[in-house]
Every structure is written in C-alpha cells, then in structure tokens.
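Beneath this line is the structure, given in structure tokens, with notes to follow.
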Amino acid sequence: MVTKLKPKIKTNKLSVKMAFTFFSVIFIIEITLFVILYFVVINSMVSQEINNLLYRGDGYARMMQGDFTEKNINNAINTGIDDHSAMVIENNIKQIIKSSRKIDNEMLKHISELQNNARNVSESLDFHWVGDKYAATSSPIFEKNKKIGTIYMFLDRSYIQQLVFNFSKVFILIVLLSSLITILLLVYLSKVITRPLIKIKEGTEKITQGNYSLSLDINTHDELHDLARSIEELSTKLNLVKKERNEFLASIAHELRTPLTFIRGYADILKRPTITSVEKLEYITIIQEETDRLTQLLENLMMLAQLEEHEFKINKIEVNLKPFIENVKKKSSTFISQKNISLELKGIGNISAIFDPTRMEQVLINLLMNAFKYSKENSKIILEVKQNENFITFIVKDEGEGISEHELKHIFDHFYRIDKSRTRKSGGVGLGLAIVKQITELHKGRVFVNSKLNSGTEIQIIIPSKKTH
C-alpha cells in the first residue's frame, strides 16, 4: 500500500512576513538604543555614587580642619560609615591612624595609588564595577593651608552591583514590555495593510472564476484604494467584454448561418433536373451574392483582428480630394440608389491631404453604408469635406432615425449593434463603426458623433492633413 504524501500548505502569509520584517528592524533599533541607554545610565549611576562618596569624604575633611583630634576622628569614624562603605584616616606623614574596618590588600593598593598622585586635592580612582572590589576617594585635611592628614573613603563593589542589578531588572522588564507592545502593534498594522490585499486577492479569484460583479469596498485613500478601484474597473470592463463577446458570437453564428443556409438550399435546388435556365441563373446569382456577403464578413473579421493586434499598416500618400471623394460617391451609388436616396457632396475643391486613400475610402463607405441603413427612402445624405491649416474633416450627415443618447456611448464599441434584430435588411454585426474608429486613430485622428432621435446623425472624421510621425 502506497501512502500519498499530502502537499504542504503554504503558510508564508504576507502579514507574517511584514510583521517579522518590521519587528526585526525595529527590534534591532530598539535593542541598540536600549544597550546604549543601559550603559549610559549604569555609568551615570556609578559616577553619581563615587561623587557622593567623594562629597562625604570632603565633608568630614572640612569637619576636622582645626580640630584634628582623636575625639573628632573617632566621631567621624562612628558617624561616617555604613554596611557598604569604609573610612581610613592617615596623618601628614602617611601613617594610618584610624579605620572603620580591617584594611585589606585591595584597600592598601588603592591608598597607595592615591598617595602617589600627591596633588593635595580631592580625587577618586577610576572604578570598574565588574572588576574592582572598591570605589576609592581621597579628601585632604588642611589647617592654615597646610595638609595635616587625608581621609580615604571606600565603597563596596557589591553595593554598586546591587544597584546595577536592580536597575537591570527594571530595564529588562521595560525591554520585554516594549518588545511585546511593538509585536502587537506591528501585527495589527500588518493586518491593517494586508486586509485590503486579501480582499483584492479574493476579488481577483472571483474574476478568474468568471464572477465580474465585484465590489472590494476598500476605503484606505492610498495606493491600495487606487489598486482596488482599478481592479473594479477591470472587472466591469471584463464583464462588458464578456457580454459583447457573447453577443458577437451570436451575431457571427447568425450571420454565417444565413448565407450558408441560402447557399446550401439553392445548391440543392440546382440539382433538380426540372428547373429552367432562368431559374438556374437566378439561384446562381443568389448564391454569388450570399458568397460575397460571407466573404465580406470574414474580411471584416480579419481586419478587426489585425487592428486589435496592431498589425494593421497604413500607407500615407498625398491625395487629391476631388477625385478621391467622387470615387467614393461612385462606389456608394450601388447601394445608395436602392432607396432613391440622393448623395450630396460639399466642400470638394482642388485641395490635397496626406492619408491612406484605400483605408479612408473604406471608412467613408462604411459611414455611408451605415447612413443608408437608417435613412428613409427619398431622403438625403451629405458628404462634406473641410480643411484648415493642419487638419482635414470628413462629415457624413443623414436624415435618418438618429441614435439615442444611451446608444451613442457604445456605437464604436467592438461588436456593438444598434439594430439588435439582425435582419438581413439591416445586416452587419457591429464591426463597421469599430473599424472606422480604429483606422481613424491609426491616422492620429478622432471621431465625433452628433445625433438625435428622428433628426438624423452627423459623424465627423478629423485627421491631420500633413504628414505625421
């Protein structure tokens, strides 16, 4: 029997990483500052105790000035000592005449060091509370400006070590409390920071599962808020793309099915031996028309794919507008005349501009075709050209049904159709105007639409009239 190992669950959460990183940095900084503070305070405490010891010695030295008698010496010895300090008094010839406790070798060593200085001023020896047994000071006794003796004061190391130990306990407690507070604060802050990230992660997972109704509700007013808003906008756009894609696929399926049904149906009829030559010619013509319709649909799809992939190239040359526009009118007359619609040209003079004539011809024919679809019989379509120093404007204006304000926002979206019925009469799958916009933008131009319901539509194509890079 083979036992399958369960995959390890990743526990390297961002909040843990952030908390650990922040804590490490702050802990190092805190410990460094605390260590510096610790030694500063310890040294200050030790210095203060030595200064107090020296101050006591100086006080007793002043007390003995003019009264350096045995009685006064005994009085100083009895009142100037405690359990952790000692006093030694010597005369002017460096003979010890009195001490508060038995003098050991360490005390004798310190007395010798202080005697060797021989500066007749109050002073203390350097003291290291870890290695030295005593802190020692000397205070000279004067009478009429003549040194008559010296008081040596000693403070036990154990007393200072006890002070250091007591302070160390308090200090360690402060370090532990500050570390605990730092940890709690960093955990809280890391969760505050990562909570929006977790929401964003969960939101993106919903998007990958096809749920585009996303509301992250992140109000941090910082970069995370901007990121969340961008993801919400992305979700909205993806939802629109999904909707457009489904509509597009339904449109393509319908548009492909219609010509294929006609082609298949009339091909079957042509197999019948009983049909006449006139009927055969009529059916072949229908098959040809539907084949052309199918070919045009596929070409539009290929062109749109190239535009989307930025593989579509334009070839700008200098174009004389008069023959160009007249050729557009000629090519459009085949469908314009079907409703007895007149096509009026305006502003056509002996002017020229630099653009891709093949692609701009396609743009104008698509616009004229669109105007034709939604125009009434016996109406008029105007194709006008305007030019200034730097730009040329093509205007296509009809007297048709017009476009509602809601539809205006979407007419250039890919795969969008104003006419949702998909009848063969209106035709199209919403690619024409999308292609118009893409080609115009490749010319560094812009498209503007002005329309009202039942009042017609005006579309302006504005492109640079000179060569641009």
Any chance [atom1] of [X] has more than 12 other-residue heavy atoms, nucleotides or ligands included, within less than 6.0 Å?
| X | atom1 | answer |
| --- | --- | --- |
| Asn105 | CG | no |
| Phe167 | CZ | yes |
| Asp126 | CG | no |
| Arg446 | CZ | no |

Can you find a pair of side-chain heavy atoms, one from [X] and one from [Y], that are under 4.5 Å apart?
| X | Y | value |
| --- | --- | --- |
| Met360 | Ile463 | yes |
| Thr137 | Asp58 | no |
| Ser99 | Met107 | no |
| Ile50 | Leu155 | no |
| Leu54 | Ser139 | yes |
| Lys437 | Leu433 | no |
| Ile151 | Met64 | yes |
| Leu321 | Phe394 | yes |

Item to check | Candidates Ile351, Ile395, Ile462 - the one meeting side-chain contact (heavy atoms from CB on, under 4.5 Å) with Lys386 | outcome: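 Exactly one pass, corresponding to Ile395.
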
Distance-only, no hydrogens or angles: does the [X] side chain make a donor-acceptor pair with backbone N or O of [Y] under 3.5 Å?
| X | Y | answer |
| --- | --- | --- |
| Asn74 | Glu70 | yes |
| Glu143 | Gly149 | no |
| Ser47 | Asn43 | yes |
| His84 | Ser158 | no |
| Asn91 | Ile97 | no |
| Thr32 | Ile28 | yes |
| Asn75 | Lys71 | no |

Next on the checklist: As a quick check of understanding, evaluate side chain to side chain contact (heavy atoms under 4.5 Å, CB included) for Asp356 and Leu442, giving each step before the final call.
Outcome noted: CA-CA 10 Å; Asp356 187 330; Leu442 282 176; over 6 Å; no

Checklist entry - Asn366 and Ile439: side chain to side chain contact (heavy atoms under 4.5 Å, CB included), yes or no, with the steps? => result CA-CA 11 Å; Asn366 277 355; Ile439 292 176; over 6 Å; no

Looking only at heavy atoms, what is the nearest atom pair of [X] and [Y], with distance?
| X | Y | result |
| --- | --- | --- |
| Ser85 | Arg101 | O-NH2, 3.3 Å |
| Tyr60 | Ala76 | CD2-CB, 3.9 Å |
| Asp132 | Arg157 | O-CD, 2.7 Å |
| Ala86 | Ser100 | CA-OG, 3.3 Å |
| Glu318 | Ser352 | OE2-OG, 3.2 Å |
| Thr457 | Ser451 | OG1-OG, 2.7 Å |

Next on the checklist: Pair Asp104, Lys133 - check side chain to side chain contact (heavy atoms under 4.5 Å, CB included), show working.
Outcome noted: CA-CA 11 Å; Asp104 57 26; Lys133 186 176 181 181; 3.2 Å; yes

[X] [atom1] to [Y] [atom2] distance, which is reported to the nearest 0.5 Å:
| X | Y | atom1 | atom2 | answer |
| --- | --- | --- | --- | --- |
| Asp398 | Glu458 | CG | CD | 9.5 Å |
| Leu383 | Leu364 | CG | CG | 6.0 Å |
| Ser112 | Lys94 | OG | NZ | 8.5 Å |
| Asn72 | Gln65 | CG | CD | 11.0 Å |
| Glu90 | Ser138 | CD | OG | 9.0 Å |
| Ile141 | Ile73 | CD1 | CD1 | 7.0 Å |

Item to check | Criterion side chain to side chain contact (heavy atoms under 4.5 Å, CB included) on Lys98 and Met87, from CA distance to verdict | outcome: CA-CA 8 Å; Lys98 196 73 174 177; Met87 179 187 297; over 6 Å; no

Checklist entry - How about Phe355 and Phe324: are their ring centroids closer than 6.0 Å? => result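 For Phe355 and Phe324, the ring centres are under 6.0 Å apart.
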
Checklist entry - Which of parallel (below 30°), tilted (30 to 60°) and perpendicular (above 60°) describes Tyr134 and Phe154? => result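 Ring orientation of Tyr134 relative to Phe154: perpendicular.
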
Item to check | From CA spacing to verdict: side-chain hydrogen bond (donor to acceptor under 3.5 Å, both in side chains), Gln460, Thr393 | outcome: CA-CA 6 Å; Gln460 296 184 12; Thr393 303; 5.5 Å; no

